[in-house]
Every structure is written in structure tokens, then in C-alpha cells.
2 protein chains.
Amino acid sequence: MTETQDIVVGLTAVVLAVTDEVPRVLVVRRLSHPLSTPAQRGSESSQVDSPDTLPFGPFDPTRHRTLELGLRHWVEEQTGLDLRYVEQLYTFGDQYRDLPELQGGPRVVSIAYLALTHESDVAGSGEADWQDWYRFLPWEDCRDGTPKVVEKVIRPALRRWIRQAGDRSQRSQREERVSVCFGLKAPAELDRIRTLERYELLYEVGLVLEAHRDHQQLQLLNGSDDIPPDPELVETARQLSPPLALDNRRILATALSRIRGKLAYRPVVFELLPKDFTLLQLQRVVEALAGVRLHKQNFRRMLFTGELVEPTGRRDASGRGRPAELYRFRREVMRERSAVGVGLPNLRAAE
Amino acid sequence: MTETQDIVVGLTAVVLAVTDEVPRVLVVRRLSHPLSTPAQRGSESSQVDSPDTLPFGPFDPTRHRTLELGLRHWVEEQTGLDLRYVEQLYTFGDQYRDLPELQGGPRVVSIAYLALTHESDVAGSGEADWQDWYRFLPWEDCRDGTPKVVEKVIRPALRRWIRQAGDRSQRSQREERVSVCFGLKAPAELDRIRTLERYELLYEVGLVLEAHRDHQQLQLLNGSDDIPPDPELVETARQLSPPLALDNRRILATALSRIRGKLAYRPVVFELLPKDFTLLQLQRVVEALAGVRLHKQNFRRMLFTGELVEPTGRRDASGRGRPAELYRFRREVMRERSAVGVGLPNLRAAE
DNA sequence: AGTATTTATGCTCATTTCGAGCAATATATA
DNA sequence: TATATATTGCTCGAAATGAGCATAAATACT
């Protein structure tokens with residue numbers, strides 16, 4: 001290892017929009033890593049398919065007065081999008097979480113941001129594209145009950161993992177973690193807030209592709225004799241969800257965790273909706289984010305007693321059934337009450 | 001401005017302990033900025049008193065495998081403390097938020113962490129010291145009702161600030177912000193969760209010393225003719241709270257915001273308590289953090305119905321009144337329920 | 001035109017949670 | 001022994017929550 005190592009501060013964006021009940025995230029298909037040198041680019045041909053990447057760029061203190069401005073700059077450049085609501089998520093800096101570093105490059109400290117917008121046409125230097133968020137985290141969408149992949153793929157693999165434990169104490173530790181994240185006995189709904197915890201379990205178990213990729217890279221670096229990954233497990237991971245670059249899936253999980261937590265006490269949903277909306281539209285967006293279905297009448301009651309919305313007087317023409325009244329967000333609540341949000345149900349059954 | 005500018009990634013720690021109902025934070029009295037060169041140190045003599053600083057050190061990728069390990073390293077070195085619970089708070093990277101940068105040095109991107117411990121003897125390279133958290137944010141402690149400084153100092157200054165607004169719209173904007181942060185009409189309790197918002201208002205108004213310091217530094221840098229700060233305002237700020245280095249008060253406010261928010265849904269309090277504790281001890285720690293008094297019987301009911309604690313069978317000998325039973329945290333709840341916390345009251349009266 | 005379907009909306013009811021307070025008990029200290 | 005300080009047990013009404021019934025207003029189909 002060298003005496004000194006450069007640091008690059010990277011900025012990564014999770015740009016989220018919800019259209020037609022589908023939460024979508026903006027990804028860029030890159031030809032190479034944004035930080036790699038031309039020399040490295042050649043050697044990167046070993047990577048057959050270049051996986052989707054979140055919009056990303058290095059923070060340049062000479063050009064960016066603040067971190068957030070830097071992020072907006074890169075998203076603008078790569079996707080043509082001018083963001084509105086932006087919030088910082090988390091900063092990732094673990095060793096070897098980035099490819100160029102594995103090739104002797106700088107250590108990349110990535111600051112991840114979450115942006116909320118409406119879906120719109122994208123253009124820009126990268127091939128930007130909206131992708132279904134739950135394609136990358138399919139186990140998180142419980143709107144139609146516990147997803148099939150959980151029953152058919154994840155839980156069996158987790159049971160196998162528990163059986164493979166070395167000793168008794170490791171076994172019970174594994175049992176506990178699985179039980180907390182996915183529920184072992186009761187077919188309970190997944191706990192909406194433990195998104196990140198679930199991702200980390202799946203990574204450790206090897207049910208996401210990047211776990212194997214990172215493992216291989218590390219072995220290559222250490223020059224240790226390669227312990228080949230369980231090919232069956234890799235295949236399972238491949239079927240479960242498509243590959244994502246770097247630690248981007250972890251960042252996605254962090255973002256989902258954050259927005260699910262925030263839904264209940266901050267009026268973030270409205271950033272994802274047009275100025276005027278029907279109550280069902282609002283409910284669908286909340287459901288898409290929370291990953292669960294809600295009771296319609298109670299949801300509406302909550303909105304009214306909380307005075308979160310006000311009628312515009314107009315009605316929605318499209319749609320099949322009885323036309324719905326159009327509402328708008330009552331911004332005033334934010335000064336009237338402290339915690340303003342759409343308060344998700346407790347799902348008592350899950351306890 | 002130069003073509004390229006170096007980046008330094010800094011790690012800053014808010015180390016918190018609660019003893020005798022007083023939340024205390026670990027500060028280091030430094031002789032100079034940790035990143036300044038010897039040459040700069042000389043020129044720094046203009047700063048008469050070196051204000052308290054949070055434990056801080058540059059992240060070194062050759063020595064630190066992860067950001068958190070880097071933080072632990074620096075805290076160990078500067079205060080002799082071996083931390084247990086540590087969580088990342090936020091990353092700050094605005095231009096000119098750091099002194100050396102103002103003197104042509106690198107841009108410092110600081111990653112702030114929150115650590116929870118018990119108070120203990122400190123040693124280390126810096127002169128580490130425990131300081132009452134609320135000394136630096138005196139307007140946040142509402143345990144004995146709205147603090148006097150809010151009535152006597154802050155609200156009058158805010159009213160003056162509103163009056164000084166340029167036009168009608170700015171005036172009403174200012175009124176709204178003040179109303180949200182400190183309440184204008186009703187002498188309502190302060191909204192516990194808006195700690196950061198309140199700090200940012202006070203910074204803008206000039207009621208914290210660093211606002212004037214930053215302003216002066218920026219003027220010096222721009223070479224613009226100095227608009228001298230309102231000396232009365234500076235004096236008010238000085239009386240309100242002692243100086244803190246860099247943007248450390250903002251970091252403290254962020255930490256307080258985070259822990260207040262987290263109290264209700266994660267069992268973080270127990271990190272601040274000994275293994276066995278009385279229910280009153282527990283309540284006092286929660287109150288110290290939340291900054292409000294709680295209803296004793298309801299607090300206990302909440303603990304029992306939530307099965308958060310279990311009796312040890314032993315009792316607390318010290319204390320004046322009837323000896324209290326000793327309890328311990330029931331770790332099992334964390335797998336039984338999703339959101340585990342001490343659920344703060346809603347203070348319905350404030351609405 | 002008439003019927004089925006879809007969606008919106010109004011209302012009830014039992015259960016749980018929450019805020020606030022009364023009362024009794026147990027110990028230390030003056 | 002009186003008093004102050006704490007712990008502990010219990011009640012009661014208000015509000016929030018979960019689940020469901022019933023009705024209204026539009027479209028699609030026959």
C-alpha cells in the first residue's frame with residue numbers, strides 16, 4: 001500500500017418519481033466508470049455488461065459552492081434534469097467499495113442524495129433512463145401481500161444459510177437476524193422500516209450480485225487462492241434482481257428506508273405529485289413508497305382531520321368511475337403542526 | 001481562485017453522555033486548527049480566545065478502513081475515549097465553512113458522527129472536557145417551561161429583526177419563520193424536533209456568534225468594504241451562548257435534532273444508561289434529551305405495555321424517598337416489534 | 001334504456017392509545 | 001413522629017385507530 005492515497009469526494013443521486021403507482025429511479029447506463037482513466041477503461045472490458053449506475057460525479061470545490069449544488073450540476077449534466085426537492089442521505093466511505101480504488105486509484109467517499117421529482121423526459125450526456133425502483137429491491141414491494149420472491153427464493157435461501165452455520169451460537173444468531181428482517185414463523189408483512197437491514201442481510205448471505213462481485217475483486221487484490229462462489233447462489237441472486245454498479249443498491253435501500261421513515265412525519269409525498277391531485281392518486285403514491293396497501297376511508301379521514309389537503313373545487317375528468325374531487329396540499333399545516341405527514345398504519349397484525 | 005483545490009475529508013464527533021440530568025458533550029480546547037500549517041498558526045493569533053471544538057481529525061484512507069474507524073481513532077487519540085454506539089449524522093461541505101480554506105487552504109468536507117456513552121474520565125492529546133450541551137443551545141432546554149433566554153433575549157431580538165424587514169413580503173416571511181420556530185402568539189412549548197431549523201434562524205438573524213465571525217471573514221476575503229456588524233446584536237449573541245469553533249454549533253444542533261427524533265422509535269436511550277437503572281433515571285435521561293418534562297405514570301405505563309424493560313429484582317439503595325426497583329432493557333423487544341422507542345408525548349396543548 | 005362496474009364519499013362502531021389526575025405506599029431525614 | 005421524597009397502582013374521558021357498511025355518481029356494456 002502506498003504512503004499516501006488520494007481522496008475523491010463523489011456525489012451520487014437517487015432521483016425518484018412515482019408514475020402510475022410505480023416508483024421509478026433515474027439510472028444512467030455508462031460505458032465506463034466516471035473516475036477511471038483511459039488506461040483503466042481498457043482493462044475494464046472484463047466486465048461484460050456495464051450495469052446501471054445512479055447519476056454520479058466527483059465533487060469539485062472550485063466549481064461547486066456547496067455539495068448540493070455539485071450534485072445538481074452532475075444530475076443536470078448527465079440527465080438534463082433540473083431538480084427541486086433534494087436532501088442528503090448518507091456518506092459512504094468504506095475501503096474497496098469502489099472499482100478504481102481496487103485498481104490502485106483514489107479512495108472514493110460518496111455522498112448520496114435523495115431527490116424527489118415528477119417523471120419527465122430525460123436527456124444528457126449519459127443514457128439516462130427511468131427504472132422501476134422495485135426491480136432492484138423486489139422483496140420490498142408488499143402491496144399485493146408478501147412478494148412471491150420472498151416465499152419462493154429468499155426464504156429458502158435464508159433457511160439454507162441458517163443450516164450452513166458453523167456452530168450453535170452462529171446458527172441462533174442467523175436465525176434471529178432472518179427472523180427480524182423477513183419473519184420466520186408468521187407470514188407477517190415485512191417491517192417497512194428495516195429496508196436497509198434487509199439489504200445488508202441479503203448482501204451477507206450472497207443474494208445480491210454485488211456481494212459476489214466484491215468478494216471476487218477482494219480475492220483478486222489479496223492474491224489469495226480463489227474460493228469460487230457457490231454458482232447456485234449466484235444464479236439465484238441473478239434471478240432475484242438485476243446488477244447495479246458499485247454500492248448503488250445499498251444507496252437505493254438507504255433512500256427507500258429514509259423516505260418510508262419520513263412519509264409519516266414530513267409532507268414529502270407532495271413533492272412527487274402534481275399541484276392538484278385526487279385523493280386516490282395521493283394514496284397510490286403513498287402506497288407505492290410504503291410498499292403496502294392502505295384502507296381508503298381511513299386514509300381520507302386522516303387527511304381531513306389532519307387538515308393536510310383542501311379541495312380546489314374542480315374535479316378529475318379522466319378515470320372510469322365517479323369523478324374525484326381535486327385537492328391540493330395545504331402548506332399552512334406546516335406551521336400549524338409540528339409533525340406533518342401521512343401517518344402510516346401500524347399493521348397491528350404484524351406484531 | 002486557483003484552478004484546482006485540494007479536498008480534505010474531516011471527521012467530527014459529537015460525543016454525548018447524560019449525567020445527573022445534564023446532557024454533556026465532549027469538547028477539546030485546541031491551540032490551533034487541526035489542519036492549519038505552522039505558518040498559518042502564527043497568523044491565527046488574531047483569534048483572542050480559541051473556542052471549544054468538537055473532537056476532529058482528517059480522514060486518512062491509508063490508515064482508516066472505514067470512515068467510522070477513522071472517527072474512533074481520532075476520538076481515542078484526542079480524548080482517550082473508546083466509543084461504543086456511533087452513528088453518522090450528516091456531511092457538511094459548504095464553501096468557507098472552515099478557517100484554513102479562508103486562508104487559501106483546502107476545502108474541508110466534514111462528516112459528523114454522533115456517539116453515545118457514559119461520562120467518564122478523559123485524557124488525550126487535546127484538553128478534552130465535558131460541557132453542558134445546553135450551554136451551547138440554551139433555547140432548547142424547556143424542562144422548566146420555555147427558557148428565560150427565549151422570552152428575554154431571543155424573542156425581542158426576533159421581533160426587531162421582523163421590524164427591520166425591507167418590504168411587506170419579506171416581513172411576512174420573517175414572521176412566519178419566527179412563528180414556526182419559536183411561536184409568536186401562544187407561549188407554546190417549542191417544537192422539539194425543529195432544533196436545526198431554530199439554529200438556522202438564529203444564525204441568519206445573527207444571534208449566534210459564528211454568524212458574525214463568518215460574515216467578517218467573508219468580507220475580509222472579498223475585500224469588500226466592511227459593513228460592521230451591529231455591536232448590540234453581537235453582544236446579545238455573546239450573552240446567549242459561548243463561542244464554538246467552525247460550524248460546530250450547527251453540528252450540535254443536527255445531533256440534538258437527530259437524537260430527539262430517534263428517541264421515539266429506536267432504543268437509543270439505553271446506550272446512555274448503565275445496565276441496570278431505575279425508571280426515574282431512565283425518565284430523567286429522556287427528559288434531558290427531549291428537553292421537556294414527562295408525566296411519570298404515563299411514562300411508566302408506556303414502558304410496561306411496550307415491554308421495554310424488565311425488573312432485575314434488586315432495588316436502588318441510594319436516593320431519599322422510597323427505594324426504586326432496578327430494571328434493565330429488554331433487548332428482545334427489538335425483534336418482537338419494529339419501532340422500539342420511548343415515544344414522546346404529543347403535547348396536544350401546543351397545537 | 002338498463003345493468004354491471006368502477007370509483008368516490010359519508011358514516012358507524014368497537015378497540016386501543018393517550019393525557020391527566022387521584023390515591024396509596026415505602027423510605028430517609030429532621 | 002412528622003415531613004418530604006419517591007415509587008407504585010388505578011381510573012376516566014378524549015382522541016386516534018382499524019375495520020366495515022352503505023350510498024352516490026360516473027362509465028362501459030348489452
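What's counted below: heavy atoms across the whole structure, side chains too, no hydrogens, waters or symmetry copies. Reminder, nothing fancy here: chain letters follow the sequence lines and each chain counts from 1.
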(request) Could you list the residues that satisfy ring pair (Phe, Tyr, Trp, His ring centres under 6.0 Å) with B:Tyr85, not counting sequence neighbours? (result) none
(request) Can you check each nucleotide of nucleotides 5-13 of chain D against protein heavy atoms at under 4.0 Å and return B for base, S for sugar-phosphate only, - for none, in 5' to 3' order? (result) BBBBBBB--
(message) When you compare the side chains of A:Arg300 and A:His295, does any donor N or O come within less than 3.5 Å of an acceptor on the partner?
(response) no
(request) State whether a side-chain donor-acceptor pair under 3.5 Å links A:Arg135 with A:Gln131. (result) yes
(request) Check the distance between C:dT6's P and A:Asp316's CG and give it to me in whole angstrom. (result) 18 Å
(request) Can you tell me the distance, in whole Å, between the CZ atom of A:Arg293 and the P atom of D:dG18? (result) 18 Å
(request) List for me each residue that meets ring pair (Phe, Tyr, Trp, His ring centres under 6.0 Å) alongside B:Phe277, sequence neighbours excluded, and say none if there are none. (result) B:Phe270
(message) For A:Ser241 and A:Arg249, which I'm curious about, is there any donor-acceptor pair between the side chains at under 3.5 Å?
(response) yes
(message) Using whole Å, what does the distance between atom C1' of nucleotide C:dC18 and atom CG of B:Leu303 come to?
(response) 15 Å
(request) Whole angstrom is fine here: how far is it from CE in A:Met302 over to C1' in C:dT9? (result) 16 Å
(request) Report the residues that fulfil ring pair (Phe, Tyr, Trp, His ring centres under 6.0 Å) with B:Tyr265, sequence neighbours left out, ordered by chain and then residue number. (result) none
(request) Starting at atom CG of A:Leu282, determine the distance to atom P of C:dT7, rounded to an integer number of angstrom. (result) 17 Å
(message) What is the separation between atom NE2 on B:His295 and atom C1' on C:dT17, rounded to the nearest whole Å?
(response) 15 Å
(request) Describe, as an angle rounded to 10 degrees, how the axis at the first end of the helix from C:dA1-D:dT30 to C:dA30-D:dT1 is tilted relative to the axis at the last end, five pairs per end. (result) 0°
Return all side-chain donor-acceptor pairs below 3.5 angstrom for residues 321-332 of chain B, not counting sequence neighbours, or 'none' if the list is empty.
unit_1: B:Arg330; atom_1: NH1; unit_2: B:Glu307; atom_2: O; d: 2.6
unit_1: B:Arg330; atom_1: NH2; unit_2: B:Glu336; atom_2: OE1; d: 3.3
unit_1: B:Arg330; atom_1: NH2; unit_2: B:Glu336; atom_2: OE2; d: 2.7

(request) Decide yes or no for A:Val150 and A:Val153: does some side-chain heavy atom of the first lie under 4.5 Å from some side-chain heavy atom of the second? (result) no
